[in-house]
Enquirer: 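Quick one: this structure, given as structure tokens, is what I'll be asking you about.
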Amino acid sequence: MASDAKFFTKGKIQEFRKELEEAESKDKKFAKRKTVLKKIVANITMGNDMSPLFPDVIRCMSIQVLEIKKMVYLYLVSYGRVKPDQIQHAVVHFLTDCNDRNPLIRALAIRTMSYIPLPIVINALTEPLRHCLRDSDPYVRKTAAICVAKLYMHDPRVVDKQGFIENLRTLLADNNPTVVANAVAALTEISERSETVSLKLNLSVASKLISALGECSEWGQIYILDSLLSFVPQTSADAEMLAERISIRLQHANSAVVLTTIKILLYLMNYIDNGRLKDLLCKKMGPPLVTLLSSGPEVQYVALRNILLIIQRRPAVLKNDVKVFFCKYNDPIYVKLAKLEIMYRLAREENCKAVLAELEEYASEVDVDFVRKAVRTIGRLAIKLSAAADLCITALLSLLETKIAYVVQEVVVVVRDIFRRYPMMYENVIPTLCEHLDDLTEPEAKAAMIWVVGHYAERIDNAVDLLEDLSDNFKEETTEVQLSLLTAVVKLFIQRPDDAKELVSKILKWATEEVDNPDLRDRGFMYWRLLSTDAGAARDVVLSEKPPISTETDRMDRGALDQLLLHTATLGSIYHKNPETFIRTARGKALTDSPALNPASRAVLVSVVEPAKGPVVMPDFPEPRPADLMDTADQEAKSGSSDAVNGSDLKAAPTPAPASNAETNAPSSSAATEFDPYAGLDSVFRGGYVTDAPAPMKAQGEDGDLLFF
Amino acid sequence: MISGFFIFNQKGEVLISRLYRTDLKRSIADVFRIQVVSNSDVRSPIVTLGSTSFFHVRVNNVYVLAVTKCNANAALVFEFCYRFIGIAKSYFGKLDEESVKNNFVLIYELIDEILDFGFPQNSEIDTLKMYITTEGVKSEMAVREESSKITLQATGNVSWRRSDVKYRKNEAFVDVVELVNLMMSSNGAVLRADVDGHIQMRAYLSGEPECKFGLNDKIMLEKSERGAGDSAVELDDCQFHQCVRLNKFDSERAISFIPPDGEFELMRYRSTSNVNLPLRVHPIVTEHGRSRVEYTIAVKANFDPKLAATDVVLRIPTPLNTTKVDVKVSHGKGKYVPGENHLTWKVPRLQGGSEMSLTAMAELTPTTNRQAWARPPIEVDFQVLMFTASGLLVRFLKVFEKSNYHSVKWVRYLTKAEGGTYQIRF
């Protein structure tokens, strides 16, 4: 058992130098130098600058002891790039190792050299690398393949000039599966960075790669599976053949193999016209996805976020499995929140009672975000399934009894939406809601309650008093509340002109004269003019019939889904965002048209937006994006990540029309029949808090990235 | 792919730091420390800031962290972290701050080998141990003298096994371990009952043994000549170790493989139909006003009287404002644990078919908190040896080897619940 912990103490450069020098004269079995080098490595780890020791450490390179060699190499990987003037002393030793008889040493040498991005090292590396790409030992070849990718990152011109890409292509046909897998990984990486090199597989190469799958390490299988996105099937038969051959990978123990296989299967299904086979593939995918829920919580999370996407596009994958997504009391919060979303998606008439009972259970738990989301989900369930609406309302009313402030506020918000979904059905609960007016402190809940009071002013006897009380602090309220107060008071006035005359003029005056917000001011003027010119027209406008909230409009657009599913298992699938929208070097992906592409997929084909050239514009602020890329999930994520971002008055207004809102952004697809008839309603709930959906955060810095660190 | 790999202790100090790509600087560790280590409310295992994503797994008192700058395969990154943890456990017995510090040079050596430019490479423990060892001299010898054997092994199609394994006595041990998940509602309805099965194998077999493994799985039996009997078990899904030939399983439902030397997980499965719940728990919990809670809990061992459940532990939640609890038990020991807000009831052994009970009265202090008690579920841990909740049995394990040696095979079954997999609401 090693006991190296003692080396974890801050040391001085001078001391280390002295110890190294002393060891040169007398060092039995190099024990002294081993010790000093360990101290140096420990200090590098602790973040202490050991670069002044560069010449001293390089002097140890001639020692032919593996343990020392590896530590010296580690040192060079850490500091090589900051010592361009001294690195040539190391290069000589590297080159000797590149020609060592021992394949492990040869591989170690080129692996280490290629980590040092200095022209002098790279130039020295090209000749040995060329040999290593054709080395007789597969371990050296597989290392050399990755070296090419590294070199490409440092200096693509060298790779082009030396023709290394061609060498990589040759390695695709290597007889060793590990070499093939690494060559594929390197080519995929290069083609994702390059303007000129792109990986395109034809049927015979794709088939050969699949044959290598069975003999590859699990990681190699992932690289090969991933590369199959570069194969565009020209006929349904080709796609079917590949799909059948890779589907056995669903039984692999490694979750990344499973999810990557699913990615490719979903991709190939766009090119398959055999409905029976597609059904079969969907059936095959379900159980392995559920099995991933027995993995560690981190992998569960990845699986859940992906499942949420997959079932929107292919509901058949997990039709009857809602129970496996019930939350365990001790699940981590991120797992619980992700499960909740899936439970909602999988809820339908047959299982709604069980789902609702679970949601009620969750509403009594401790974590505030989870409880809120559970309450909100009860409301969404009511809107999604009319058969469940009665039960949900009962559940929500009993939650009001808890008198827990955040629960009450959530209930108010969702009940407002239920009113709008089922007009004239549940207004009898208004008095109960009004009893909890005092518990409302959050803008969203306040705004919702104000909307209810204004909208149903005719039925609420003390509506005037209520709104008067609510507008006491008008000037201190958030814009969201101010806007809703303004509209509610105008509605009140139109319904009960005599009672509300004073109130309306007070609010209009405040809104137009004492508030700085232009939205509020403009709306105030608009109402003022409307009311003063034509009361009849004002009634028609303000009390016009609202478009009903429906289940039809809110679901991710199919084209966007097809595109997003090309990123299955990756970060993009966690955040439900195309990677090019939040990662500066990421490239977009899109289905490629071919004679085999299903007409329905072709109809919604999305083209890829090329990343900006030149100085990269970072998405520090939401960028305007082409309409066809906008999807509701994106919007949700955005509005969830920051309120300031989405300050349009549609969002804040008390009488929004989310239905029509969603319509303009996500043109409902012609293939809607293929969809889950119960698909989501996210846009109804415009996501008031951060946990609504996981989202990448904006980094602070000159270019909005963490590069400066 | 992965741009950097780190290990942190609980204070946020860096114990291991290795960059694989130049798009990252060492100081990125500070961002992680601020965002995750010193953040008391981390709500995701992945944090993305701008283009940089932090994937972390907590294990004992350390954080294992992988950082990416691209649209990385999140499943791959976490699987890699898990694999690293597995390797560390195999090398040092455990992964914690002490073992990381004591072996940091070796860890650097390992992660240089298993991650190249951020692409995971061969990470089979058996192969790694051929040339990366805790004794420098031994590694030195191996690398110098057996290099071609090592490279072949590390890139070959049986990368998980050395070819020169020799045992005097050839033995294989199979452990079928079933973890039961139960969620029972307060009115006694089973909301969810399923089994996560793991088949662990310890193979001490010489040469290149070809193994064939058979279970009483319904589909497997249907494919074989015998046909499915009544005892056939329906498996929802199975997943296999890298060594199992998946195409054979697909076409013939046969599990055939050349095993790694020593211990490995041959297969995982999931079963949701006809799960036999070993312990039935009937809780009656009554809140008397705001001052007392009364518990009557009965447990029945629902399996063969020849078998016994061992290490039975029930964790029975109590309200946060509990002051003291009177506990009476028919078996074992019952104790109130104020720090955890629950009663623990420990019973070392419960014979099949027998019953046991607990009655308790919790007294509460008056509180101004009007929030009702959340009533978290009762959790049960237990083990039952030679019992499978799914009914799964091993039908055969055949070993074929060139030299035709005789081998001895052993099978054990264990059904267990632990860490909150067995939950009863009340």
Side-chain angles (χ1 to χ4, degrees), chain A residues 2-5 8 38 45 66-67 70 74 102-104 117 137-139 142 146 150 176 178 185 215 217-219 222 248 251 253-256 259 287-288 291 294 298-299 302 323 326 329-330 333-334 364-366 404 569-572 574 579 583-584 586 694 696-697 699 704-706 709, chain B residues 14 17 22 25 27-28 31 43-46 48-53 57 71-76 78-79 82 101-105 108-109 116-117 119-120 122 134 136 140 143 147 151 154-155 157 159 183 191-192 196 236-237 239-242 246-247 250 270 370-371 374 376-377 420 423:
Chain A
S3 53
D4 291 345
F8 266 85
K38 281 185 182 178
T45 305
L66 202 59
E67 202 181 346
K70 284 187 173 176
L74 187 65
N102 190 321
L104 287 167
D137 192 291
Y139 185 88
K142 73 117 187 168
I146 298 286
K150 287 189 222 171
N176 183 295
T178 304
E215 301 182 337
S217 77
E218 53 209 298
W219 316 112
I222 299 166
I248 54 172
Q251 252 60 59
N254 185 314
S255 67
L259 277 172
T291 300
S294 313
E298 295 82 9
V299 165
V302 175
K323 283 187 178 181
F326 286 178
Y329 191 77
N330 48 351
I333 182 67
Y334 51 84
S364 70
E365 283 196 16
V366 185
I404 302 166
T570 68
L571 283 170
I574 305 284
I583 294 174
R584 59 147 81 221
M697 291 186 268
D705 205 342
L706 292 173
F709 271 100
Chain B
V14 182
S17 144
T22 48
K25 289 187 188 151
S27 51
I28 198 77
V31 182
R43 305 182 76 86
S44 169
I46 309 175
T48 298
L49 274 162
S51 303
T52 311
S53 298
V57 177
N71 184 36
N73 184 324
L76 175 140
F78 282 130
E79 285 286 349
Y82 292 172
K101 277 186 162 174
N102 274 330
N103 296 283
F104 72 98
V105 177
Y108 277 122
E109 215 178 309
D116 191 2
F117 197 41
F119 291 105
N122 172 44
T134 45
E140 186 89 34
V143 169
S147 63
T151 59
T155 59
N157 55 10
S159 61
M183 212 187 277
L191 295 173
R192 180 187 164 186
D196 285 326
D236 292 47
D237 187 35
Q239 312 219 284
F240 297 99
H241 184 269
Q242 168 79 6
L246 294 179
N247 46 0
D250 190 55
R270 201 157 49 75
R370 56 180 179 162
Q371 188 166 346
Q423 300 190 340

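Below, read A as the first sequence line, B as the second, and so on, with proteins coming before strands; counting in each chain starts at 1. Heavy-atom basis, side chains included; hydrogens, waters and symmetry copies ignored.
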Enquirer: With a 4.5 angstrom heavy-atom cut-off, which part of A:P117 approaches chain B: side chain, backbone, both or neither?
Expert: side chain
Enquirer: B:R270 side chain to A:P287 main-chain N or O, any donor-acceptor pair under 3.5 Å?
Expert: yes
Enquirer: Check each atom of B:E79 against the heavy atoms of chain A and say whether the ones under 4.5 Å are side chain, backbone, both or neither.
Expert: both
Enquirer: Which atoms of B:F117 come close to chain A, meaning under 4.5 Å heavy atom to heavy atom: side chain ones, backbone ones, both, or neither?
Expert: both
Enquirer: Under 4.5 Å, counting heavy-atom pairs only, tell me which of A:P579, A:A569, A:A185 racks up the most with chain B.
Expert: A:A569
Enquirer: Which heavy atom of B:R43 sits nearest a heavy atom of A:I333, and at what distance?
Expert: NH2-CG1, 3.1 Å
Enquirer: Report yes or no: does A:S217 contribute a side-chain atom to a donor-acceptor pair with the main-chain N or O of B:N122 at less than 3.5 Å?
Expert: no
Enquirer: Side chain, backbone, both or neither: which part of A:N330 has a heavy atom under 4.5 Å from chain B?
Expert: both
Enquirer: With chain A as the partner, which of B:V105, B:T48, B:V14 has the greatest number of non-hydrogen pairs under 4.5 Å?
Expert: B:T48
Enquirer: Could you tell me whether the side chains of B:D250 and A:Q251 share a donor-acceptor contact shorter than 3.5 Å?
Expert: no
Enquirer: Working to the nearest 0.5 angstrom, can you tell me the gap between A:E218 CD and B:Q242 CD?
Expert: 5.5 Å
Enquirer: Does A:D4 offer a backbone N or O that forms a donor-acceptor pair with the side chain of B:N102 under 3.5 Å?
Expert: yes
Enquirer: With a 3.5 Å distance limit and no angle check, can you tell me whether A:T178 reaches the backbone of B:T155 through a side-chain donor-acceptor pair?
Expert: yes
Enquirer: Where does A:F326 contact chain B at under 4.5 Å (heavy atoms): side chain, backbone, both or neither?
Expert: both
Enquirer: Check B:N73 against A:A256 and note the closest heavy-atom contact, atom names and distance.
Expert: OD1-CB, 4.3 Å
Enquirer: Among B:A75, B:A74, B:S17, B:P120, which has the most heavy-atom pairs under 4.5 Å with chain A?
Expert: B:P120
Enquirer: Under a plain distance cut-off of 3.5 Å, with no hydrogens placed, do A:R584 and B:S51 share a side-chain donor-acceptor pair?
Expert: no
Enquirer: Donor-acceptor check, side chain of B:N71 to backbone of A:L571, threshold 3.5 angstrom: yes or no?
Expert: yes
Enquirer: Which bit of B:E109 comes within less than 4.5 Å of chain A, counting heavy atoms only: side chain, backbone, both or neither?
Expert: side chain
Enquirer: List the atom of A:L66, the atom of B:E140, and the distance in Å for their closest heavy-atom pair.
Expert: N-OE1, 2.8 Å
Enquirer: Kindly compute the distance separating OH (B:Y82) from CD (A:E298), expressed to the nearest 0.5 Å.
Expert: 4.0 Å
Enquirer: What distance separates A:I146 CD1 from B:D116 CG, expressed to the nearest 0.5 Å?
Expert: 5.5 Å
Enquirer: Using non-hydrogen atoms only, which part of B:D196 is less than 4.5 Å away from chain A: side chain, backbone, both, or neither?
Expert: side chain
Enquirer: A:I222, A:I574, A:V299, A:L259: which one forms the most heavy-atom pairs within less than 4.5 Å of chain B?
Expert: A:V299
Enquirer: Which atoms of A:K142 are under 4.5 Å from chain B, going by heavy atoms: the side chain, the backbone, both sets, or neither?
Expert: side chain
Enquirer: Which atoms of B:F119 are under 4.5 Å from chain A, going by heavy atoms: the side chain, the backbone, both sets, or neither?
Expert: both
Enquirer: Under 4.5 Å from any heavy atom of chain B, what part of A:K38 do you find: side chain, backbone, both or neither?
Expert: both
Enquirer: Is chain A contacted by the side chain of B:S44, its backbone, both, or neither, given a heavy-atom distance below 4.5 Å?
Expert: both
Enquirer: Can you find a side-chain donor-acceptor pair between A:N254 and B:Q239 that sits under 3.5 Å?
Expert: no
